[in-house]
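As structure tokens, the structure follows; a few thoughts come after it.
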Amino acid sequence: MAQQQQNLEKIPEIVSTLRDSFNTGVTKTREWRLHHLQAMRRMMEEGKQRLCQGMKQDVGKSELEGYLCENNLVENELQHVIDHLDEWMKPDIRTTNLLNLPASSYVQSEPYGVALIMGAWNYPVMLSLAPLVGCIAAGNCAVVKVPSPKYSPASSKAMEELMAEYMDPHFFVCVGGDRHANTALLEQRWNLIFCTGSASTGKIVATAAAKHLTPILLELGGKNPCIVDQTACLKLASKRIVWGSFMNCGQTCVRPEYVLVHENVADQFVSAAKQQVEEMYSTQPQKSEWFGRVATDWAWERITGYITEEKGHVVHGGDADRDDKFVAPTILYYEDMPTFVASAVAKEEIFGPVMVVIKYGDLDGVLQYINGKEKPLALYFFGSDRRVREKVLTGTTSGSVCVNDVIMQIINPELPFGGVGHSGMGHYHGKYSFDAFSHQKAVMVKPNVNILDPPIRYPPYTPFKATVLPFVQAASWLSYLPQGLALVLAFLALVLQLGFFKRRIDGALSVVQAYL
């Protein structure tokens, strides 16, 4: 306990060191960013075995699954960012409106400063280190708070050791510890906070950030719906939904939380799903290399409590072993929406190896139910009917959507990953990670020449100025004109701004006004 207190007392000093390092300006250079991205890549490659062994110890995740679902995703993110870093660092050239001519305009991405990244225990490596990639690419320093040793002790210890070995402590520090460490970190002033966790954790972070008006990016969770239309290929749908539901023992924030299946194919879907469970994890999943364990005794009690309370709806699985923190891949089947809505599993996110299947007949009722809940992190649809698909897509809101698959949308670096409302705010991955850790600074550069300063913008506002100013301000329509014509009009507008022919036009306007 005394050691933990000493570590917490060091946090203000750590933050101060990082801030001093950032203020040197070195992090804004391409060379600095590339150097630390490459150092992190070496860390991931050379530390692969230690990280994968840690995940296996924590949640029984096979080393292959740990690599594919966590390490490799971070490696791919690193390579993608390294390949595009020069392009992203360049100023983003923008057009300039007529009233501001002559001038050049662009958007410059600049780092926020010192960031706090808070990972989560269910995917400890990916959720702690993937955000760090964008953080480095954007030129920030960071503290990475790895998950509590209560949930992922081996993984967190491995990350602490590896970051100390491979990453420069003047710019990046890994901090372990429980909720007391989180509290101590949130008491500090940061330039950006990136947090992955539950909605309750997000509220704590948002409250702390509000004290200093610190920008935040929250990756949270929720109950993700999956709709299976009667036109779906049931073999494909059952295979992919079972895979997504039980990956990482169901402890995945984007997993299909409940599956709504059209009444014409619901029974066939359940039969196909039971078959897929046995094909993937055998009839003895506790002995399967590919099926993990829940993280804590408390999680085991909570999940098995759901199964016990809803035992009348268990059609597959239901077995559990407390000493092994094992809960068998379980399928609950509800014959109608009202029965499901009244159940225990409809109230909160299950976050475990329980797949809930509900038979539905009225799609409008399904959409109404989904829209009556908090906005989910993901939504899934299986089927080939384009009209039904578009009705689902336009009739709901979610962080992301995947059609005829689950979870896979998050590994495309060209797509943003993030929630909406209670499932989060902000997004990252690929270029979106770079942007998440960057302030988009607007820059306009004008010549330092007085003769080019249009007198039209200054009082007194003559009839001439009053007539021309609305025209040169409302210049958006120029973008629809051929480039040559637009340039000619822009030149004429500049001439008008500079006041050429001003006397003749003022005189003409005076005559017209006198006549009217």
Side-chain angles (χ1 to χ4, degrees), residues 37 40-41 43-45 48 51-52 55 59 61-85 88 117 119-137 155 194 196-197 217-222 224-226 236-237 239-257 280 290 292 351 376-382 393 398-420 423-424 426-437:
L37 287 169
M40 186 177 177
R41 183 167 62 182
M43 179 182 78
M44 298 304 301
E45 293 172 349
K48 170 186 172 182
L51 293 170
C52 290
M55 288 182 279
V59 291
K61 189 180 297 186
S62 71
E63 292 192 19
L64 177 61
E65 182 181 347
Y67 175 70
L68 292 176
C69 295
E70 300 212 41
N71 288 42
N72 186 239
L73 296 182
V74 178
E75 292 173 355
N76 291 341
E77 181 86 350
L78 278 161
Q79 189 60 55
H80 183 75
V81 168
I82 290 171
D83 289 343
H84 294 86
L85 183 61
W88 296 346
I117 298 172
W121 59 265
N122 56 322
Y123 286 86
V125 174
M126 180 180 68
L127 298 179
S128 299
L129 299 182
L132 181 60
V133 178
C135 179
I136 297 173
S155 303
F194 186 114
T196 304
L217 196 154
L218 301 177
E219 296 297 342
L220 310 177
N224 306 309
C226 178
L236 178 71
K239 177 171 56 179
R240 289 180 169 175
I241 293 170
V242 164
W243 172 79
S245 295
F246 299 118
M247 173 194 292
N248 198 36
C249 201
Q251 299 163 126
T252 303
C253 60
V254 289
R255 72 184 289 261
E257 177 78 5
M280 292 183 193
W290 315 116
F351 217 66
L377 185 57
L379 182 144
Y380 303 107
F381 174 81
F382 285 81
L393 293 182
S398 58
S400 66
V401 173
C402 193
V403 176
N404 292 321
D405 207 343
V406 298
I407 299 177
M408 297 301 289
Q409 76 276 15
I410 74 169
I411 69 171
N412 181 354
E414 300 298 333
L415 291 176
F417 173 62
V420 55
S423 59
H427 40 247
Y428 72 123
H429 287 185
K431 175 64 160 55
Y432 298 96
S433 291
F434 180 87
D435 291 341
F437 285 93

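Note that the coordinates shown come from a computational prediction; the quantities given were computed from them, not determined experimentally. Only this structure's heavy atoms are used, side chains among them; waters, hydrogens and symmetry mates stay out.
When the side-chain hydrogen bond (donor to acceptor under 3.5 Å, both in side chains) test is applied to Q79, the partners found at least two apart in sequence or on another chain are R41, D83. Residues passing the side chain to side chain contact (heavy atoms under 4.5 Å, CB included) test with P413, sequence neighbours excluded: H80. The salt bridge (Lys or Arg N to Asp or Glu O under 4.0 Å) test applied to K239 returns no partner, not counting sequence neighbours.
For the pair S400 and S398, the tightest heavy-atom approach, listed with the atom from each and the gap, is O-OG, 2.9 Å. Smallest separation of non-hydrogen atoms from M55 and P124: CG-CG, 4.2 Å. Heavy atoms only, all atoms of each residue included: Y380 and D405 are closest at CD2-O, 3.3 Å. Closest non-hydrogen pair, V406 versus P256, comes out as CG1-CG, 4.2 Å. Here the closest non-hydrogen pair linking L37 and V81 is CD1-CG1, 3.9 Å. Here the shortest heavy-atom pairing between K61 and N122 reads NZ-O, 3.8 Å.
To the nearest 0.5 Å, atom OG of residue S245 and atom CD1 of residue I407 are 7.5 Å apart. Rounded to the nearest 0.5 angstrom, L51 CG and M126 CE are separated by 13.5 Å. The distance from the SG atom of C52 to the CD atom of E70 is 8.5 Å, given to the nearest 0.5 Å. Here C402 contributes atom SG and I410 contributes atom CD1; the two are 10.0 Å apart, rounded to the nearest 0.5 Å. Note: L68 CG to M247 CE = 9.5 Å, rounded to the nearest 0.5 Å. Annotation: the span from L217 atom CG to I117 atom CD1 amounts to 10.5 Å, rounded to 0.5 Å.
For the residue pair E75 and Y67, a side-chain donor N or O sits within less than 3.5 Å of a side-chain acceptor on the partner.
Between Y432 and H427, the closest side-chain pair of non-hydrogen atoms falls below 4.5 Å.
Side-chain atoms of E65 come within 3.5 Å of backbone N or O of N248 as a donor-acceptor pair. When atom types are taken as modelled, the side chain of S128 and the backbone of V125 share no donor-acceptor pair closer than 3.5 angstrom. For T252 (side chain) and V254 (main-chain N/O), no donor-acceptor pair under 3.5 Å exists by modelled atom type. Between the side chain of S433 and the main chain of H429, a donor-acceptor pair closer than 3.5 Å is present. Remark: side-chain polar atoms of N224 are paired, donor with acceptor, to backbone N or O of R255 under 3.5 angstrom. Checking side-chain atoms of N412 against main-chain N and O of E414 turns up a donor-acceptor pair under 3.5 Å. In this structure, the side chain of E77 engages the main chain of G430 through a donor-acceptor pair within 3.5 Å.
For F351 and W121, the distance between ring centers is under 6.0 angstrom. The aromatic ring centres of F437 and Y428 sit 6.0 Å or more apart.
The pair E63-K48 fails the salt-bridge criterion, with no side-chain N (NZ, NE, NH1 or NH2) lying under 4.0 Å from an Asp/Glu carboxylate O.
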### Message
With side-chain contact (heavy atoms from CB on, under 4.5 Å) as the criterion, how do W290 and M280 come out once you've worked through the C-alpha distance, each side chain's angles and the decisive distance to 0.1 Å?
### Response
CA-CA 8 Å; W290 315 116; M280 292 183 193; over 6 Å; no
### Query
Where do M40 and L132 land on the side-chain contact (heavy atoms from CB on, under 4.5 Å) test, with the steps shown first?
CA-CA 9 Å; M40 186 177 177; L132 181 60; 4.0 Å; yes
### Query
Please walk me through it: do V403 and F382 pass side-chain contact (heavy atoms from CB on, under 4.5 Å)?
CA-CA 6 Å; V403 176; F382 285 81; over 6 Å; no
